[in-house]
*Asks:* 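After the structure tokens below, expect a handful of questions from me.
Lettering of chains follows the sequences in order, A, B, ..., and the numbering in each one begins at 1. Computation of the quantities below employed the complete heavy-atom set of this structure, encompassing side-chain atoms and omitting hydrogens, waters and symmetry-equivalent molecules.
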Amino acid sequence: MYALIDCNNFYVSCERAFQPELQNRAGVVLSNNDGCAIARSQEAKDKGIKMGEPYFQMKETHKDVWVRSSNYPLYHDIMLRVTSIIRRYFPDQEIYSIDECFCDLSGYEYMDPEELALQLRAELLQCTGIPVCIGVARTKTLSKIANRIAKKKYKERGVFFLSSLEDEHEALKQTEIGDVWGIGRQHAARLINIGVDNAYKFTQLTVGWVQLYMTIVGVRMWRELNGESCIPMEYIRAKKKGIGTSRSFGKAETDLSVMLEALATYTSIAALKLRNQNSVCAKINVFTHTSMFADPKNRYSVGLDLKLEVPTSSTSELIKAAKYLLRRIFKPGYRYQKVGIFLMDIRPDDQVQQSLFDTKVESRGKLITALKAMDSINRKQGKDSVRMAATGYERKWTMKQENLSRGYTTNIRDVLVVKAK
DNA sequence: TCTGGGGTCCTAGGACCC
DNA sequence: TCTGGGGTCCTAGGACCC
């Protein structure tokens, strides 16, 4: 048996946990740059506010809806609290995303999974303020379906258990094909075309058909929905094979020097992630583009790769390479919306093939030592206490975050003070 | 004026090897 | 009339996830 624990409207719930005045009211959390809605309260969903709905439109049509800018440090910290409580109940835990985790319930055969799930849910609500729904079933994909039904039909109780084959079939029949984990728009359209509009009908297709049109990925889903577990738990977070960092500018940018500073900043973030997983990268990609909503003749979207002579995790080397690439692809006269970097060809830092023509072997060693010292200072003193000069001083490009909540659990100045009467 | 930011896996096809 | 058979690696693109 597997359990899928999924936080309800997670970002919205995080905001509400510290701002009770937001309870029971329609509200949304906005994407970076306050661009569009990425999390909605139930009340906001009921009003018809869509995922991804642009804020500038919503402002006009829904004046009574509260909004917050996204506050990722807060959400991340709350997630750590939630998962640590879950771990006390079910130690075999895979953290699947910021707001959901799978648990392997093997070994719990003689206990009542439903009862445990109800207890866990109550404790999470009390200790973190975050409401969750829990689905329990024979495979991960079925537990996703169970979770979905818990959210839709048993929200108050918050737990749904597929305990028999009949339950499973009933649940599959209730689940629209496009709502199955792993079926996106393309596959849904093709399936509906041949009359397969729910998950149950999908399980009745031949495995040959599924393999032909949906590859091995589809076959795994098909088997999971038929009760055969074949998507393994991943207890240890795998190292990233690619690391990207990009942001939209607060407003359209035309100045190369400003863009270079922003890019240096994003490169610093990506390089830190690289060092934190003890890796180096051998290839980088820099990209930039104008708004996709601009007049087509004013649109420009471009990216360029660079293979590095010697793989590295050094911020300064990566910044140098990134700036070179941006200078190559930048064309004056456009109003750029975003710039970013993607680190590729990532490998362990203890398996670096030296270059015969590398003249900087010794200085590179010293550089990495210095960077590790920088990382350590920033861990103790707060991020960006020490940073590269190339990341600039004025930072004119920064994101719009006009409705940012406080760092209630991550910044000592923002911790709530409770007064007793 | 204003529309997010990350990732994963799979397949086909081309370049290249012997 | 007629021009092999087997690999590997890399890349681009598509589909999906949150």
*Asks:* Would you say A:Ser248 places a side-chain N or O within less than 4.0 Å of OP1 or OP2 belonging to B:dG5?
*Replies:*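 A:Ser248 to B:dG5 OP1/OP2: side-chain N or O found under 4.0 Å.
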*Asks:* Checking all strands, does A:Ile183 fall into the base, sugar-phosphate, or nothing category for heavy-atom contacts under 4.0 angstrom?
*Replies:*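 If one applies the 4.0 Å heavy-atom cut-off, A:Ile183 turns out to touch the sugar-phosphate alone, with no base involved.
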*Asks:* Encode nucleotides 10-16 of chain B as B, S and - characters from 5' to 3', where the letter depends on protein heavy atoms closer than 4.0 Å: B to the base, S only to sugar-phosphate, - to neither.
*Replies:* SS-----
*Asks:* Once you apply a heavy-atom cut-off of 4.0 Å, does A:Gly340 come out as touching a base, just sugar-phosphate, or nothing?
*Replies:*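 Nothing, no nucleic acid heavy atom in range.
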*Asks:* Can you figure out which of B:dG4, B:dT3, B:dG6 approaches the side chain of A:Ser31 most closely?
*Replies:*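 The answer is B:dG4.
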*Asks:* From CZ of A:Arg237 over to P of C:dC18, roughly how many Å is that when rounded to an integer?
*Replies:*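 So the CZ-P distance, A:Arg237 to C:dC18, works out to 15 Å.
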*Asks:* Among B:dC2, B:dG7, C:dC18, which is the nearest nucleotide to the side chain of A:Asp99?
*Replies:*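 Of the candidates, C:dC18 comes closest.
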*Asks:* Look at all strands and tell whether A:Lys283 reaches a base, only sugar-phosphate, or nothing, counting heavy atoms closer than 4.0 Å.
*Replies:*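 Since only primed, P, OP1 and OP2 atoms lie under 4.0 Å of A:Lys283, the category is sugar-phosphate.
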*Asks:* Tell me which pairs pass salt bridge (charged side-chain N to carboxylate O under 4.0 Å, His left out) where either residue lies in residues 226-238 of chain A, with sequence neighbours left out.
*Replies:* A:Arg223-A:Glu228
*Asks:* Classify the nucleic acid contact of A:Val180 as base, sugar-phosphate or nothing, counting any heavy atom under 4.0 Å across all strands shown.
*Replies:*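 Sugar-phosphate, no base atom in range.
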*Asks:* Calculate the interatomic distance between A:Arg185 atom CZ and C:dC17 atom P; express it in whole Å.
*Replies:*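 Nearest whole value for this atom pair: 10 Å.
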*Asks:* Under 4.5 Å between any side-chain heavy atoms of A:Tyr334 and A:Thr254, yes or no?
*Replies:*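 A:Tyr334 does not reach A:Thr254 side chain to side chain.
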*Asks:* How long is the line joining CG of A:Asn32 and C1' of C:dC18, in whole Å?
*Replies:*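 It works out to 15 Å between those atoms.
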*Asks:* Would you kindly give the CD1-to-C1' distance between A:Ile49 and B:dT3, to the nearest whole Å?
*Replies:*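 A:Ile49 atom CD1 is separated from B:dT3 atom C1' by 15 Å.
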*Asks:* Rounding to a whole Å, what distance do you find between A:Asn33:CG and B:dT3:P?
*Replies:*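 The answer, rounded to whole Å, is 7 Å.
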*Asks:* Roughly how many Å is it from CZ in A:Phe249 to P in B:dC2, rounded to a whole number?
*Replies:* 14 Å
*Asks:* Would you indicate, yes or no, if B:dG5 has its OP1 or OP2 atom less than 4.0 angstrom from a side-chain nitrogen or oxygen of A:Lys338?
*Replies:* yes
*Asks:* Would you measure the distance from the C1' atom in C:dG4 across to the matching atom in B:dC17 and give it in whole Å?
*Replies:* 14 Å
*Asks:* What contact category does A:Glu100 fall into here, base, sugar-phosphate, or nothing, at under 4.0 angstrom with non-hydrogen atoms?
*Replies:* sugar-phosphate
*Asks:* Among the candidates B:dC2, B:dG7, B:dG4, find the nucleotide nearest to the side-chain atoms of A:Phe342.
*Replies:* B:dG7
*Asks:* I want to verify a distance call: between B:dT3, B:dC2, C:dC17, whose nearest atom is closest to the A:Cys36 side chain?
*Replies:* B:dT3
*Asks:* Among A:Val136, A:Asp167, A:Thr139, whose side chain to side chain contact (heavy atoms under 4.5 Å, CB included) with A:Leu162 holds?
*Replies:* A:Asp167
*Asks:* Rounded to the nearest angstrom, tell me the gap between atom CZ in A:Arg299 and atom P in B:dT3.
*Replies:*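 After rounding, the gap between these two atoms is 13 Å.
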*Asks:* For B:dC18, give the paired nucleotide (Watson-Crick: N1-N3 plus N6-O4 or O6-N4; G-U: N1-O2 and O6-N3; both under 3.5 Å), or none.
*Replies:* C:dG5
*Asks:* Across the strands shown, which category fits A:Lys59 at heavy-atom distances under 4.0 angstrom: base, sugar-phosphate, nothing?
*Replies:*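 It contacts nothing in the nucleic acid.
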*Asks:* Counting the atoms with a prime plus P, OP1 and OP2 as sugar-phosphate, which does A:Ser291 contact under 4.0 Å by heavy atoms, base, sugar-phosphate, or nothing?
*Replies:* nothing
*Asks:* If you check the A:Lys273 side chain, which of C:dC17, B:dG6, B:dG4 turns out closest?
*Replies:*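 Of the candidates, B:dG6 comes closest.
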*Asks:* Only one of A:Val29, A:Leu404, A:Ile78, A:Asp77 clears side chain to side chain contact (heavy atoms under 4.5 Å, CB included) with A:Asn71; which?
*Replies:* A:Leu404
*Asks:* For A:Met58 and B:dC2, what is the distance between atoms CE and C1' respectively, to the nearest whole Å?
*Replies:*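 Distance, rounded to whole Å: 12 Å.
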*Asks:* Find out whether the Lys NZ or Arg CZ of A:Lys153 is both under 6.0 angstrom from the six-membered ring centre of A:Phe160 and within 45° of the ring's axis.
*Replies:*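 No - A:Lys153 does not lie over the ring of A:Phe160 by the 6.0 Å and 45° rule.
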*Asks:* Return no unless some side-chain N or O of A:Lys144 is found under 4.0 Å from OP1 or OP2 of C:dC18.
*Replies:*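 So the side chain of A:Lys144 is within the cut-off, an N or O lying under 4.0 Å from OP1 or OP2 of C:dC18.
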*Asks:* Is it the case that the side chains of A:Asn9 and A:Ser41 hold a donor-acceptor pair, with the cut-off being a distance below 3.5 Å and no angle test?
*Replies:*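 No.
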*Asks:* Drop me the distance from A:Asp305's CG to A:Asp345's CG, to the nearest 0.5 angstrom.
*Replies:* 10.0 Å
*Asks:* Among the candidates C:dC17, B:dT3, B:dG7, find the nucleotide nearest to the side-chain atoms of A:Trp181.
*Replies:* C:dC17
*Asks:* Taking 5.5 Å and 30° as the limits, would you call A:Phe293 and the base of B:dT3 a stacked pair?
*Replies:* yes
*Asks:* Categorize A:Tyr96 for me: base, sugar-phosphate, or nothing, with a 4.0 angstrom heavy-atom threshold over every strand shown.
*Replies:*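 Answer is sugar-phosphate: A:Tyr96 comes under 4.0 Å of backbone atoms only.
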*Asks:* Does the side chain of A:Lys241 get closer than 4.0 angstrom to OP1 or OP2 of B:dC9 through an N or O atom?
*Replies:* yes
*Asks:* If you find the nucleotide of DNA chain B closest to A:Asp34 and the one closest to A:Glu234, which residue's nucleotide is nearer the 5' end?
*Replies:*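 On the 5' side of the pair lies A:Asp34.
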*Asks:* More than 12 heavy atoms of other residues, nucleotides or ligands under 6.0 Å from NE2 of A:His76: yes or no?
*Replies:* no
*Asks:* Judged by each residue's nearest nucleotide on DNA chain B, which is more toward the 5′ side, A:Lys251 or A:Ile243?
*Replies:*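 Result of the comparison: A:Lys251.
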*Asks:* Taking only side-chain nitrogens and oxygens of A:Gln337, does any of them come within less than 4.0 Å of OP1 or OP2 of B:dC2?
*Replies:* no
*Asks:* With the side chain counted from C-beta on, respond yes when A:Arg40 and A:Val12 share a heavy-atom pair under 4.5 Å apart, and no when they do not.
*Replies:* no
*Asks:* Using 0.5 Å steps for rounding, measure from the CZ atom of A:Phe90 to the CD1 atom of A:Ile85.
*Replies:*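 Result: 13.5 Å between the selected atoms.
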